[in-house]
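Below is one structure, written out as structure tokens, with a few remarks after it.
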Amino acid sequence: MDTVRTRFAPSPTGYLHIGGLRTALYAYLFAKKNGGKFILRIEDTDQERYVDGSVEIIYRTLKQAGLNYDEGPDVGGDYGPYVQSERKEIYLKYAHELVERGGAYYCFCSKERLEELHASGATKYDKHCLHLSKREVERRLAAGEPYVIRQNIPESGVSTYHDLVFGDITVDYKDLEDNILIKSDGMPTYNFANVIDDHLMRINYVIRGTEYLSSTPKYNLLYQSYGWELPNYIHLQPIMKDATRKLSKRYGDASYEDFIKKGYLSEAIINYIALLGWSPKNDMEKFSLKEMEEMFSIEGLSKSASIFDETKMRWLNSLYIKDMTDEEYYDYAIKFFDQVPYLKGYDYRLLASLLKGRTEVFSDVGKLTEFLTEFDGYDLSAFENQKWKTDGKLAKEMLPDLIRLTEENAENNFATLHDALVEYAQSKGYKKGQVLWVYRIALTGSLVTPGGAIEMAQLLRKDESVRRLKESLNRL
RNA sequence: GGCCCCAUGGUCUAAUGGUUAGGACAUCACCCUUUCACGGUGGUAAUAUGGGUUCGAAUCCCGUUGGGGUCACCA
């Protein structure tokens, strides 16, 4: 069997969205699983939609995600160039050959004629120029008339091909149109370029979205006209934003880079999107790219679209964060700490150790530490706790002592403070939890904090702790 | 609208003619805990619908409904 060759062929029209990345992932995994090659090709035949810098985003994202391609514009390969705009002459040559073979024809119809045709109720091009005599075509070509080249689709008959996930797909030729293969600017359309390139680049497994499911017979016709072997097809259902809308950048849905900025780990994103439309034979849900390369199989691909669920990706991300060492967490968290202004001056190491087990997504560090900046005027009902039977009155009673104990014990060693508080509780007949609840609330003003009372005192340090306790007492 | 495709809990999915319809996220309850979280245990929750075929259907066939895709000098 020939070596498996798959490709990812995005057009540089902006950010690489999650759906595109998943297509790339599957193409990569299928190639790796089968010891094959994964190729990157840039489909930039539409200069109108070209967005500056998007090619670099594609390179960067793929590499960052670990989807290293064996051949591509920036890494080379034996079948280049890998950018379609640099292959113009190749397409022209094949297009002219196709005309000779009867698979395509020159068309001189004006935009106006096409519009009239459409307005008259025609659903597709009427093959008008197919019937031009050879002499007439040559004359108009020689006269320099603008033209396009259209594919010549049979007027009747059906075409069936086999898709590896959907099975046999049958389409009637009468439902297909004589699409333009070469535009009047000499550039090919997708309909032509993808076939020429896939063949020339020896792509034998075409992995792409289902938007091509019913137009694939047209491409097969092209392969057949040249006498080329058909590739295997694997079509993928889209990732949805909700039941009726596709996930897309147009609706402001997050791209890979946006998720990275929000504090998702690359591994978690890849892991999660792998699960959207594919499942392994066992019930595993967390796996590395390497593991996926082993487990991937087209049998696990889903025939239905799946809705993107950020909540589940958060969960997966939290798993990856828990797997980090303290050092890795610290290194990664620093830049997110830096984004939260009021965190300046706090002990990042301590913050990191406190936050590590509570971070689902790194941008959470802001929310998790809000009590550091929102202390003033907090709701005093926070002192009320049913389990510990505490309230403002009890707090008022305890606080003078708690302040004193803090002043005496919080100098360097916070373990002494803990012991002192416990001892205090015993001597006064309070429960340990009561003292610590009151202490933590008086200190932070928050029901939820990333650690217990002593840890919060340690984070705030002695002076600030005392200041806060005093203010709480004042307000009570 | 024509054509193509799809249909299991709120979400991602497993089960390819015989299972008490399994797992995960979310959710709820309880346990653990100096808060929250983590972790642990348990619960609620699904075969869109109507007909067939079969001893037996989530699974095969047909209709209906719902959804997606496509019908460009975009990919």
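Letters go in sequence order (proteins before strands), and every chain restarts at 1.
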Item checked: Same-atom distance (C1') from B/G9 to B/A21, integer angstrom -> 11 Å
Next item on the list: State the pairing partner of B/A24; accept Watson-Crick or G-U wobble contacts with both distances under 3.5 Å, and report none otherwise.
Entry: B/U11
Notebook entry, point to check: If we take the P atom in both B/G17 and B/G23, what is their distance in whole Å?
Noted result: 22 Å
Notebook entry, point to check: Are A/Asp364 and A/Lys367 ion-paired here, with the side-chain N under 4.0 Å from a carboxylate O?
Noted result: no
Next item on the list: Would you mind reading off the distance between A/Ile180 atom CD1 and B/A75 atom P, rounded to a whole angstrom?
Entry: 11 Å
Item checked: nucleotides 29-35 of chain B: protein proximity per nucleotide (B base, S sugar-phosphate only, - neither; heavy atom, under 4.0 Å) -> ----BBB
Next item on the list: Determine the interatomic distance between C1' on B/C71 and the same-named atom on B/G10; round to the nearest Å.
Entry: 35 Å
Check: Do NZ/NE/NH1/NH2 and the carboxylate oxygens of A/Lys389 and A/Glu384 come within less than 4.0 Å?
Finding: no
Margin query: Under 6.0 Å from the ring centre and within 45 degrees of the ring axis: does the NZ or CZ of A/Lys312 meet both conditions for the six-membered ring of A/Tyr272?
Written below: no
Item checked: Protein-nucleotide distance (A/Leu236, atom CG; B/C6, atom P), rounded to Å -> 14 Å
Checklist line | N/O (side chain, A/Ser279) to phosphate O (OP1/OP2, B/A14) under 4.0 Å | finding: yes
Checklist line | G-U wobble or Watson-Crick pairing nucleotide for B/C3 (cut-off 3.5 Å, both distances) | finding: B/G69
Checklist line | Any residue meeting side chain to side chain donor-acceptor pair (under 3.5 Å) with A/Glu397, in chain and number order, not counting sequence neighbours | finding: A/Tyr430
Check: CH2 of A/Trp315 versus C1' of B/C38: gap in Å, rounded?
Finding: 14 Å
Next item on the list: For B/G67 versus B/G56, give the span between their P atoms, rounded off to a whole number of Å.
Entry: 34 Å
Notebook entry, point to check: If we only count heavy atoms from C-beta on, is the A/Leu402 to A/Tyr424 side-chain gap below 4.5 Å?
Noted result: yes
Next item on the list: Please check if any side-chain donor atom of A/Tyr219 sits under 3.5 Å from a side-chain acceptor atom of A/Asp198, or the reverse.
Entry: no
Next item on the list: Send over the distance from A/Asn179 CG to B/C3 P, rounded to a whole Å.
Entry: 19 Å
Notebook entry, point to check: Could you give the OH-to-C1' distance, from A/Tyr212 to B/U70, as a whole number of Å?
Noted result: 11 Å
Checklist line | Same-atom distance (C1') from B/C74 to B/G63, integer angstrom | finding: 37 Å
Check: Would you find more than 12 non-hydrogen atoms of other residues, nucleotides or ligands less than 6.0 Å from A/Lys286 atom NZ?
Finding: yes
Notebook entry, point to check: When you check the phosphate oxygens OP1 and OP2 of B/C6, does a side-chain N or O of A/Lys303 lie under 4.0 Å from one of them?
Noted result: yes
Check: Are A/Arg468 and A/Glu464 ion-paired here, with the side-chain N under 4.0 Å from a carboxylate O?
Finding: yes
Can you name the atoms? Protein N/O to nucleotides 44-50 of chain B N/O, anything below 3.5 Å, with the distance.
none

Note to self: What contact category does A/Lys281 fall into here, base, sugar-phosphate, or nothing, at under 4.0 angstrom with non-hydrogen atoms?
What the structure shows: nothing
Next item on the list: Hey, could you give me the CG/SG distance between A/Asp178 and A/Cys129, rounded to the nearest 0.5 Å?
Entry: 10.5 Å
Notebook entry, point to check: Judged by modelled atom types alone, do A/Asn179 and A/Lys218 share a side-chain donor-acceptor pair under 3.5 Å?
Noted result: yes
Checklist line | Watson-Crick or G-U counterpart of B/U19, or none if no pair lies under 3.5 Å | finding: none
Notebook entry, point to check: So, is A/Thr189 near the phosphate of B/A72, with a side-chain N or O under 4.0 Å from OP1 or OP2?
Noted result: no
Margin query: I'd like to know whether A/Lys174 forms a salt bridge (Lys or Arg N to Asp or Glu O under 4.0 Å) with A/Asp172, so could you lay out the CA-CA distance, the side-chain angles of the two residues, the decisive distance to 0.1 Å, and finally the verdict.
Written below: CA-CA 5 Å; A/Lys174 71 172 168 22; A/Asp172 208 317; 3.5 Å; yes
Item checked: Watson-Crick/G-U partner (both atom distances under 3.5 Å) of B/A57 -> none
Next item on the list: Provide the distance between the two C1' atoms, one in B/G40 and one in B/C5, to the nearest whole Å.
Entry: 44 Å
Check: Of A/Leu275 and A/Tyr190, whose nearest nucleotide on RNA chain B comes first from the 5' end?
Finding: A/Leu275
Next item on the list: Take the protein atom CD1 of A/Ile273 and the nucleotide atom C1' of B/C25, then report the distance between them rounded to whole Å.
Entry: 17 Å
Note to self: Test of understanding: with ring pair (Phe, Tyr, Trp, His ring centres under 6.0 Å), list the residues that count as partners of A/Tyr125, not counting sequence neighbours.
What the structure shows: none
Margin query: Could you check whether atom NZ of A/Lys396 has more than 12 heavy atoms from other residues, nucleotides or ligands sitting under 6.0 Å from it?
Written below: no
Next item on the list: Using modelled atom types only, decide if a donor and an acceptor are shared between the side chain of A/Glu294 and the backbone of A/Glu291 within a distance under 3.5 Å.
Entry: no
Next item on the list: May I have the distance from A/Ile153 (atom CD1) to B/C3 (atom P), rounded to whole angstrom?
Entry: 18 Å
Check: Considering every strand shown, what is the Watson-Crick or G-U wobble mate of B/U41 when both distances are under 3.5 Å?
Finding: B/A29
Check: In the structure shown, which nucleotide is the Watson-Crick or G-U wobble counterpart of B/U47, with both distances under 3.5 Å?
Finding: none
Next item on the list: Could you work out the separation of B/G51 and B/A58 based on their P atoms and round it to a whole Å?
Entry: 14 Å
I'd like a table of atom pairs between the protein and nucleotides 57-68 of chain B - only N or O on both sides, under 3.5 Å - with the distance next to each one.
unit_1: B/G67; atom_1: O2'; unit_2: A/Ala243; atom_2: O; d: 3.3
unit_1: B/G68; atom_1: OP1; unit_2: A/Thr244; atom_2: O; d: 3.0

Next item on the list: Please determine, for the side chain of A/Ile169, which listed nucleotide (B/C25, B/C74, B/C4) has the closest atom?
Entry: B/C4
Check: Can you tell me if the side-chain N/O atoms of A/Thr45 get under 4.0 Å from OP1 or OP2 in B/A75?
Finding: yes
Note to self: For A/Tyr378, does the six-membered ring have the charged nitrogen or CZ of A/Arg475 within the cation-pi criterion, i.e. under 6.0 angstrom from the centroid and within 45° of the normal?
What the structure shows: yes
Using the 3.5 Å cut-off, write out each protein N or O paired with an N or O of nucleotides 18-23 of chain B and the distance between them.
none

Next item on the list: Determine the contact category for A/Asp172: base if any of its heavy atoms lies under 4.0 Å from a base atom, sugar-phosphate if only primed atoms, P, OP1 or OP2 are that close, otherwise nothing.
Entry: nothing
Check: What do you reckon, is NZ of A/Lys428 surrounded by more than 12 foreign heavy atoms closer than 6.0 Å?
Finding: no
Next item on the list: State whether the distance check finds a donor on one side and an acceptor on the other, under 3.5 Å, for side chain A/Ser306 versus base B/C12.
Entry: no
Next item on the list: For A/Glu211 and for A/Cys109, find the nucleotide of RNA chain B with the closest heavy atom, then tell me which residue's nucleotide is more 5'.
Entry: A/Glu211
Next item on the list: Between B/U16 and B/C4, how far apart are the P atoms? Round to whole Å, please.
Entry: 29 Å
Item checked: Check: A/Asp185 and A/Gln47 side chains under 4.5 Å, non-hydrogen atoms -> yes
Check: Looking across every strand, which nucleic acid part, if any, lies under 4.0 Å from A/Thr170 by heavy atom: base, sugar-phosphate, or nothing?
Finding: sugar-phosphate
